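Report on one structure; see the data block that follows.
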Amino acid sequence: MLVTVLGATGCAGPVFENDSCVQPDGGEDFRSADCTEPGALRVLDVRSQSEFCRDIPAVTTVYQDWDDSHKYCLGPPDADPTTAINTAQLGDCAYTEGDGRSHVRVDCADPAAQLQVLHRVEGYAVALNECASVPGTTVEYEWRLDGKGGLAQLSLDNIYFCFGPAGVDPQTFVELARPGDCIAETGATPEWVIVGCSAPEVAYRVHGRADGWAAAVTACQDTPAATMRLMENGRGPMQEPFTLCLGPL
C-alpha cells in the first residue's frame, strides 16, 4: 500500500538526500532518522512534484514538501527491490502473502509462484471491472495511494493488476474456446484449458458456444453433436456466463 503525506519545511532545497532515512515526526512531516530505528523509511529517490514514484521498486510512501517543490519516494530500509510488486510487468509472476492482500514478485521458475500478470494499468483513476475483459483473470489487485490531504494526483499514481494462474499459457484459457477447439480437464486451477485436438489429455471438442444469461437457457439445443454443456461465470458487473456445447472428437 502506498501512502502519501503532506508537509512543509520552509527550505528551498531538498531536505533529505537519497539513501538517507527518515521517520514520521508524529504529525504530517518527517525528520531525519537512523535507518535502524523502528519504522524508519529510506529515501529511494527525490523527485519534482510533477513526477510520480510508482516506478521505483519497493516504494511504499511519498512525502510531498510543497515549500521546496520536492517529492520524496520512500520505502523500508531493508526492502528487496527484486520482489517489489509495483514494478511487475506483463508475464511476471508473484505469490500472495499470508494476509491475502499483498503480493510479492518472484521468478516464474520459483515453486512459490502462484500468479502471473495478465494485464497492468497505471497512471489514472482505474475504472471498475478493469479485468472484466482479460481472459484467465482469477485475482484483481490494486496497488494505490492511500494518502492524506485529498490531492488530485492520488488517483493517478496507482497500478491495477489482473493476475491469472502461474505456469498456464494465457492463450489456453477456456474463455477463449470457440467451436472446433478441444478442451481438457486439469484437476487444478484453471479447471479447463484449451488443448490441441490430438493431445492425449483431450476430453471434448467444442461444437458450439453461447454468451450471456439469456442464451444459456437454450444453449446447445440446436447442436446435435453436443453431449454436455459447460457453463462458466464471466467477470464484470453482471458476471455474464458463457456456455460451451461439448461432444466427442
Side-chain angles (χ1 to χ4, degrees), residues 1-4 38-39 41-42 44 52-62 73-147 154-176 184-194 232-242:
M1 190 66 70
L2 189 61
V3 180
T4 297
L41 295 171
R42 188 181 300 278
L44 303 177
F52 297 110
C53 291
R54 60 174 174 254
D55 61 317
I56 300 176
V59 65
T60 60
T61 304
V62 174
C73 308
L74 313 174
D78 58 351
D80 181 357
T82 66
T83 66
I85 196 63
N86 64 300
T87 55
Q89 303 297 321
L90 188 68
D92 286 343
C93 292
Y95 67 84
T96 304
E97 289 192 303
D99 61 7
R101 295 176 295 177
S102 301
H103 301 278
V104 178
R105 183 159 57 98
V106 293
D107 190 282
C108 290
D110 191 316
Q114 301 169 325
L115 305 167
Q116 64 175 311
V117 179
L118 302 178
H119 186 59
R120 169 189 167 115
V121 181
E122 64 177 47
Y124 69 98
V126 176
L128 186 64
N129 302 302
E130 180 66 38
C131 299
S133 61
V134 181
T137 297
T138 55
V139 175
E140 301 179 33
Y141 172 63
E142 187 177 8
W143 181 93
R144 65 181 180 84
L145 293 171
D146 184 20
L154 295 184
S155 64
L156 300 177
D157 216 4
N158 58 352
I159 306 172
Y160 207 82
F161 293 96
C162 308
F163 289 116
V168 180
D169 181 353
Q171 297 305 310
T172 68
F173 290 130
V174 73
E175 293 101 311
L176 299 175
E185 290 186 89
T186 66
T189 300
E191 185 178 359
W192 295 89
V193 293
I194 300 172
E232 295 278 337
N233 284 334
R235 289 175 300 279
M238 305 301 294
Q239 292 191 326
E240 289 280 312
F242 63 92

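Note that the structure is predicted; figures quoted are calculated from it, not measured. Numbering of residues begins at 1 and proceeds along the displayed sequence. Because only heavy atoms are used, hydrogens play no part in the values below, and waters and symmetry mates are left out as well, while side chains stay in.
Residues Arg120 and Ile159 have side chains in contact (heavy-atom distance under 4.5 Å, counting atoms from C-beta outward). Side-chain contact between Glu122 and Phe52: absent, with no pair of heavy atoms (C-beta onward) separated by less than 4.5 Å. Using a 4.5 Å heavy-atom threshold, the side chains of Pro135 and Pro170 count as separate. Asn86 is listed as a side-chain neighbour of Val59, based on a closest heavy-atom distance under 4.5 Å. Residues Thr60 and Pro76 are in side-chain contact: their nearest non-hydrogen atoms beyond the backbone lie under 4.5 Å apart. A heavy-atom distance below 4.5 Å is not found between the side chains of Thr96 and Val139.
The main-chain N or O of Thr87 is found under 3.5 Å from a side-chain atom of Gln89 such that the two form a donor-acceptor pair.
Put simply, CG on Leu41 and OG1 on Thr61 are 5.0 Å apart, with the number rounded to the nearest 0.5 Å. How far CG of Leu90 is from SG of Cys162: 10.0 Å, rounded to the nearest 0.5 Å. The structure places CG of Leu115 at 12.0 Å from OH of Tyr95, a figure rounded to the nearest 0.5 Å. Between atom CZ of residue Phe161 and atom OG1 of residue Thr137 there is a gap of 13.0 Å, rounded to the nearest 0.5 Å. In this structure, the separation between NE2 on His103 and CD on Gln114 is 9.0 Å, given to the nearest 0.5 Å. Atom CZ of residue Phe163 and atom SG of residue Cys131 lie 9.0 Å apart, to the nearest 0.5 angstrom.
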(Q) Applying ring-ring contact (aromatic ring centres under 6.0 Å, His included) to Tyr160 and His119, what does each step give before you reach the verdict? (A) CA-CA 8 Å; Tyr160 207 82; His119 186 59; 8.9 Å; no

Q: Verify side chain to side chain contact (heavy atoms under 4.5 Å, CB included) between Trp192 and Glu185, making sure each step is shown before the conclusion.
A: CA-CA 5 Å; Trp192 295 89; Glu185 290 186 89; 3.1 Å; yes

Q: Evaluate the side chain to side chain contact (heavy atoms under 4.5 Å, CB included) criterion for residues Val168 and Phe173: first the C-alpha distance (whole Å), next the side-chain angles of each, then the deciding distance (0.1 Å), finally the verdict.
A: CA-CA 8 Å; Val168 180; Phe173 290 130; 3.7 Å; yes

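With 3.5 Å as the limit, one finds no donor-acceptor pair spanning the side chains of Arg105 and Thr82. For the 3.5 Å distance criterion, the side chains of Gln116 and Asp92 fail to qualify, holding no donor opposite an acceptor.
Residues Ala113 and Cys108 approach most closely at CB-O, 4.1 Å, considering heavy atoms.
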